[in-house]
Amino acid sequence: MDATGGQGSNQVTAESLLSSLASLAVHQDIVMATVPAMIDYLQKLNKQGNTETSLNRAISCLHCINCVVSANSDNDQCLQYFHGILLPQLLQITVKQSLEDSPENLILQNGQCVNSIACLCRNITQILDDRIASELIGSTVSLFLDGDLSSFNLTNINLPFKPLEVTSPWQQTQLVSLLMSIICSVRISVNITKITPLLDHLLSLALYCDNQLTYLSSAKCYAGLVNKMTPGDELNKLLDKSMQSSWKLLQDEISDQNSDVRLRTLTFWLWLTKSLVLRAHPKSVEMTTKLVELFEDCHLGQTAADGFYIILSESTDVLNKDMHADIKMMYKQRFFMQTLPKIVQGFEKSDSERKPHYLSALSHLLHFIPKQVLLSELPPLMPMLVQSLYCQQASLTLSTMNTLYALVHDAPAILSKDVDSLLPQLLKLCEYQSNMKVRIAALQCVGVMTTLPHHNVYPYQKQVLRQLGPILDDKKRLVRKEAVTARNEWFLLGSTEK
């Protein structure tokens, strides 16, 4: 493969060739010939420097290698090659690159490339048996914690490799992403050597390193390890220490000097909370309670509320089933029941400036909770959902309208009681010029409300038809289309009771 081709057809040819090779590599002999060629191509790209073309090709090459790994993971000989040769080779390349000072060779220092390599390491590690995984963990911890370059046959390198030190260059510290992809992907039964000093270093990086990939990967790695630790005094002491140190930073007086530290600390708090919520650890209740308290923080309140999405959503790079995380059944339902009273109570006591934080958290809760659980708790939540429609935050308004749209079918009796407050505001949102998606969602909600009991909506027919008229001339075709549909629904309301 020629790595020196310019823009245009040569680039298309290179990417097409990579894709073709990946699709053909379905037999061990082809795999053994194809993957080394792709690695050679990757190293040639690395020598070209960090140009956009080289970066895109490198990411495409890593994606194709990943496809080969996924397609042949059930072949024992291929798996032996993946964990015995390919994974160490990837670590060798990236570690050498992190120690390189030349500004011309930065392609594998790019965060996107590091994440792509981490994805490869993750997909290889998570399918290993306990014995092989234990050996890999031992050498990986020696490399990252002790700086033992010989553990991966990295010789003739005089520079120190200290990726877990806050003072180390970002080119080294960001490789924590690779550490996470390996040690957080093994089964719970695999012992993580030197886990206590490892966690201490990860905590420091998560709180005090200013490189985003580093502190985010450190927080995730810490959370992934804690999720699989055996219950007992060791885990409890570790959690007490990390919670006390991080909560102290979150409670510091706000200043320009510590704003970044507080944001990094909140990121760590969110991922650790997710780790404990998944395994239903008793400390998760305390962490969640303090998280809700942060909704009152004028600088961190919105980020803390949006953290509910991190806690409840499926993560692709850590804390998921493929990576053998400890995930208890119905953890989302438990989290909903634990946090809902706190959110409702906080909303009622909060001032108008901070109420949107509680509404955002509620929106994330409702998005992930099963309908059966939601319907049983819906009546007292309706005032908050109505209030969400009055917020200026487009994402919150959209989420609320999506919830209301579904509830019209699932809980018509409950929503029909709030038609007087819902419909006028939805009509206003149909003219929301700042965001086309808001206008479309509002029109869809207005249209579907014709399915509610006839006596609740019929009095609004003339008003709705009048206010939807101008929207038929909206500058966006998709909005005009939804306006026509909604207006037709309301026009037919008088002829047939729905």
| Considering residues at least two apart in sequence or located in another chain, which fulfil the side-chain hydrogen bond (donor to acceptor under 3.5 Å, both in side chains) criterion with Asp474? | Arg439
| task | Give a yes or no on this: more than 12 heavy atoms of other residues, nucleotides or ligands lie within 6.0 Å of atom CG of Asp233. | result | no
| Any side-chain donor paired with an acceptor under 3.5 Å for Glu348 and Tyr358? | no
| query | Are there more than 12 heavy atoms of other residues, nucleotides or ligands under 6.0 Å from atom CD of Gln92? | reply | yes
Using residues 325-335 as the side-chain source, report each donor-acceptor pair under 3.5 Å to any protein atom, sequence neighbours left out, with the distance given to one decimal.
{"unit_1": "Asp326", "atom_1": "OD1", "unit_2": "Lys328", "atom_2": "NZ", "d": "2.8"}
{"unit_1": "Asp326", "atom_1": "OD2", "unit_2": "Lys328", "atom_2": "NZ", "d": "3.1"}
{"unit_1": "Arg334", "atom_1": "NH1", "unit_2": "Met329", "atom_2": "O", "d": "2.8"}
{"unit_1": "Arg334", "atom_1": "NH2", "unit_2": "Met329", "atom_2": "O", "d": "3.1"}

| said: Testing Thr303, Asp297, Thr267 one by one against Arg262 for a side-chain contact (heavy atoms from CB on, under 4.5 Å), which residue passes? | reply: Asp297
Hey, can you pull the donor-acceptor pairs under 3.5 Å for the side chains in residues 412-424, sequence neighbours left out?
{"unit_1": "Ser416", "atom_1": "OG", "unit_2": "Pro412", "atom_2": "O", "d": "3.2"}
{"unit_1": "Ser416", "atom_1": "OG", "unit_2": "Ala413", "atom_2": "O", "d": "2.8"}
{"unit_1": "Asp420", "atom_1": "OD1", "unit_2": "Tyr460", "atom_2": "OH", "d": "2.6"}
{"unit_1": "Ser421", "atom_1": "OG", "unit_2": "Asp418", "atom_2": "O", "d": "3.1"}

| query | Would you say the side chain of Leu366 lies within less than 4.5 Å of the side chain of Leu381, judging by non-hydrogen atoms? | reply | yes
| request: For the pair Arg480 (side chain) and Asp473 (backbone), establish whether a donor and an acceptor sit closer than 3.5 Å, ignoring hydrogens and angles. | output: no
| field | Partners passing salt bridge (Lys or Arg N to Asp or Glu O under 4.0 Å) against Asp200 (at least two apart in sequence or in another chain) | value | Lys241
| request: Check for a donor-acceptor pair, side chain of Ser142 on one end and backbone N or O of Gly138 on the other, with a separation under 3.5 Å. | output: yes
| request: Would you please name every residue forming a ring pair (Phe, Tyr, Trp, His ring centres under 6.0 Å) with Tyr390, sequence neighbours left out? | output: none
| message | Can a side-chain donor-acceptor contact be found between Gln393 and Ser395 if the only test is distance below 3.5 angstrom? | response | yes
| message | So, using side chain to side chain contact (heavy atoms under 4.5 Å, CB included) as the criterion, who are the partners of Lys349 when residues are at least two apart? | response | Gln345
| query | Distance-only, no hydrogens or angles: does the Ser284 side chain make a donor-acceptor pair with backbone N or O of His281 under 3.5 Å? | reply | yes
| Atom of Arg279, atom of Leu235 and distance for their closest heavy-atom approach | NH1-CD2, 3.6 Å
| request: List the steps and the verdict of side chain to side chain donor-acceptor pair (under 3.5 Å) for Ser98 and Gln109. | output: CA-CA 7 Å; Ser98 73; Gln109 293 177 357; over 6 Å; no
| said: Test your reading of the model: is there a side-chain donor-acceptor pair from Arg122 to the backbone of Ile182, 3.5 Å cut-off? | reply: no
| request: Check the side chains of Glu296 and Ser350 for a donor-acceptor pair under 3.5 angstrom, ignoring hydrogens and angles. | output: yes
| Would you say Lys476's side chain and Met436's backbone share a donor-acceptor pair under 3.5 angstrom? | no
| task | Check ring pair (Phe, Tyr, Trp, His ring centres under 6.0 Å) between Tyr309 and all other residues, then give those that pass, not counting sequence neighbours. | result | His364, Phe368
| message | For a quick test of reading the model, state the closest non-hydrogen atom pair linking Phe144 to Leu175 and the distance between them. | response | CE2-O, 3.2 Å
| Any side-chain donor paired with an acceptor under 3.5 Å for Ser151 and Ser139? | no
| For Asp210, all residues meeting side-chain hydrogen bond (donor to acceptor under 3.5 Å, both in side chains), sequence neighbours excluded | none
| Residues, nucleotides or ligands: over 12 heavy atoms within 6.0 Å of Lys162 NZ | no
| query | Any donor-acceptor pair under 3.5 Å linking the side chain of Asn227 with the backbone of Ala223? | reply | no
| For Gln463, side-chain hydrogen bond (donor to acceptor under 3.5 Å, both in side chains) partners two or more places apart | Gln467
| Min side-chain heavy-atom separation Phe308-Val292 under 4.5 Å | yes
| How about Leu427 and Leu468: do any of their side-chain heavy atoms sit closer than 4.5 Å? | yes
| With no hydrogens and no angle check, is any side-chain donor or acceptor of Thr289 less than 3.5 Å from a backbone partner on Val285? | yes
| message | Under the rule for side-chain hydrogen bond (donor to acceptor under 3.5 Å, both in side chains), what residues qualify as partners of Lys371, not counting sequence neighbours? | response | Asp410
| Who passes salt bridge (Lys or Arg N to Asp or Glu O under 4.0 Å) against Asp240, sequence neighbours left out? | Lys283
| request: Specify the closest pair of heavy atoms between Ala219 and Trp271, including all atoms of both residues, with the distance to one decimal. | output: O-CB, 4.0 Å
| message | Quick check: closest heavy atoms across Leu270 and Gly307, and the distance to 0.1 Å? | response | CD2-CA, 3.6 Å
| Nearest heavy-atom pair of Ala394 and Asn435: which atoms, and what distance? | CB-ND2, 3.8 Å
| remark: For Leu249 and Tyr208 the tightest heavy-atom approach is CD1-OH, 3.7 Å
| remark: Taken in chain and number order and not counting sequence neighbours, the residues that satisfy salt bridge (Lys or Arg N to Asp or Glu O under 4.0 Å) with Asp317 are Lys220
| field | Close side-chain approach of Leu272 and Ser242, heavy atoms under 4.5 Å | value | yes
| query | Ignoring hydrogens and geometry, is there a side-chain-to-backbone donor-acceptor pair from Lys342 to Glu293 under 3.5 Å? | reply | no
| task | Check whether any side-chain heavy atom of Ser388 sits under 4.5 Å from a side-chain heavy atom of Thr397, and report yes or no. | result | no
| request: Please confirm whether the backbone N or O of Leu62 pairs with a side-chain atom of Asn66, one donor and one acceptor, at under 3.5 Å? | output: no
| query | Going by distance alone, is a donor N or O of one side chain under 3.5 Å from an acceptor N or O of the other, for Asn320 and Glu314? | reply | no
| query | Is there a donor in the side chain of Gln174 and an acceptor in the side chain of Ser217, or the other way round, less than 3.5 Å apart? | reply | no
| message | Using a 3.5 Å distance criterion without hydrogens, assess whether the side chain of Ser185 forms a donor-acceptor pair with backbone atoms of Ser181. | response | yes
| query | Can a cation-pi geometry be assigned to Lys290 and Trp247, taking NZ or CZ under 6.0 Å from the six-membered ring centre and within 45° of the ring axis? | reply | yes
